[in-house]
Amino acid sequence: MDHFLKRRGAAPGAVAVAAGLTLGLAVGLTLPGGPATAQDAPANVDECLQKSFEAASRAKEKGLSEDAMAALEPILVKLEGECDSGNMAAAGATLKELDAKIEGS
């Protein structure tokens, strides 16, 4: 997980800041369950990458086990690819999957 956060350019102190932002923005994140809709999908690449960073930060702050964190890495990599390629509909679905895994851990 640290690898993902560092790749996104997060400074060591940024994780704590991001966690605070994540707490404040948690209401705006997609809730698990149901198919992704256009409303669930990020509006653009920047928002998509920001949401992926927030999810990664939230997982780290939640104190998940190393195994649980390792299980999230492939989902984060998939999400990053969807964001970078501009596939916002797929990214919305992957964000739902990621949120469900984080909340279920």
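Numbering of residues begins at 1 and proceeds along the displayed sequence. Side-chain atoms are counted along with the backbone in the values below, which use heavy atoms only and exclude waters and symmetry mates.
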Taking only distance into account, with no hydrogens and no angle test, what donor-acceptor pairs under 3.5 Å do side-chain atoms of residues 87-94 form with protein atoms, sequence neighbours excluded?
residue: Asn87; atom: OD1; partner: Ala90; partner atom: N; Å: 3.2
residue: Thr94; atom: OG1; partner: Glu82; partner atom: OE1; Å: 2.6
residue: Thr94; atom: OG1; partner: Glu82; partner atom: OE2; Å: 3.2
residue: Thr94; atom: OG1; partner: Ala90; partner atom: O; Å: 3.1

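- Side-chain atoms of Glu61 do not come within 3.5 Å of backbone N or O of Ser57 as any donor-acceptor pair.
- Smallest separation of non-hydrogen atoms from Ala55 and Asp99: CB-OD1, 4.5 Å.
- Across all their heavy atoms, Asp46 and Asn44 have their closest contact at N-OD1, 3.1 Å.
- For residues 75-105, the pairs satisfying disulfide (SG to SG under 2.5 Å) are Cys48-Cys83, with sequence neighbours left out.
- Ionic pairing of Glu54 and Arg58 is not present here: no N-O contact between side-chain nitrogen and carboxylate oxygen is shorter than 4.0 angstrom.
- Remark: Lys62 pairs with no residue by the salt bridge (charged side-chain N to carboxylate O under 4.0 Å, His left out) rule, at least two apart or across chains.
- Residues Leu79 and Leu49 have side chains not in contact (no heavy-atom distance under 4.5 Å, counting atoms from C-beta outward).
- When side chains are defined from C-beta on, Ser85 does not count as touching Val45, because their heavy atoms never get closer than 4.5 Å.
- Considering all non-hydrogen atoms of both residues, Leu76 and Ser52 come closest at CD2-O, 3.9 Å.
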Pair Glu47, Lys51 - check salt bridge (Lys or Arg N to Asp or Glu O under 4.0 Å), show working. CA-CA 6 Å; Glu47 181 183 340; Lys51 285 187 175 191; 3.4 Å; yes
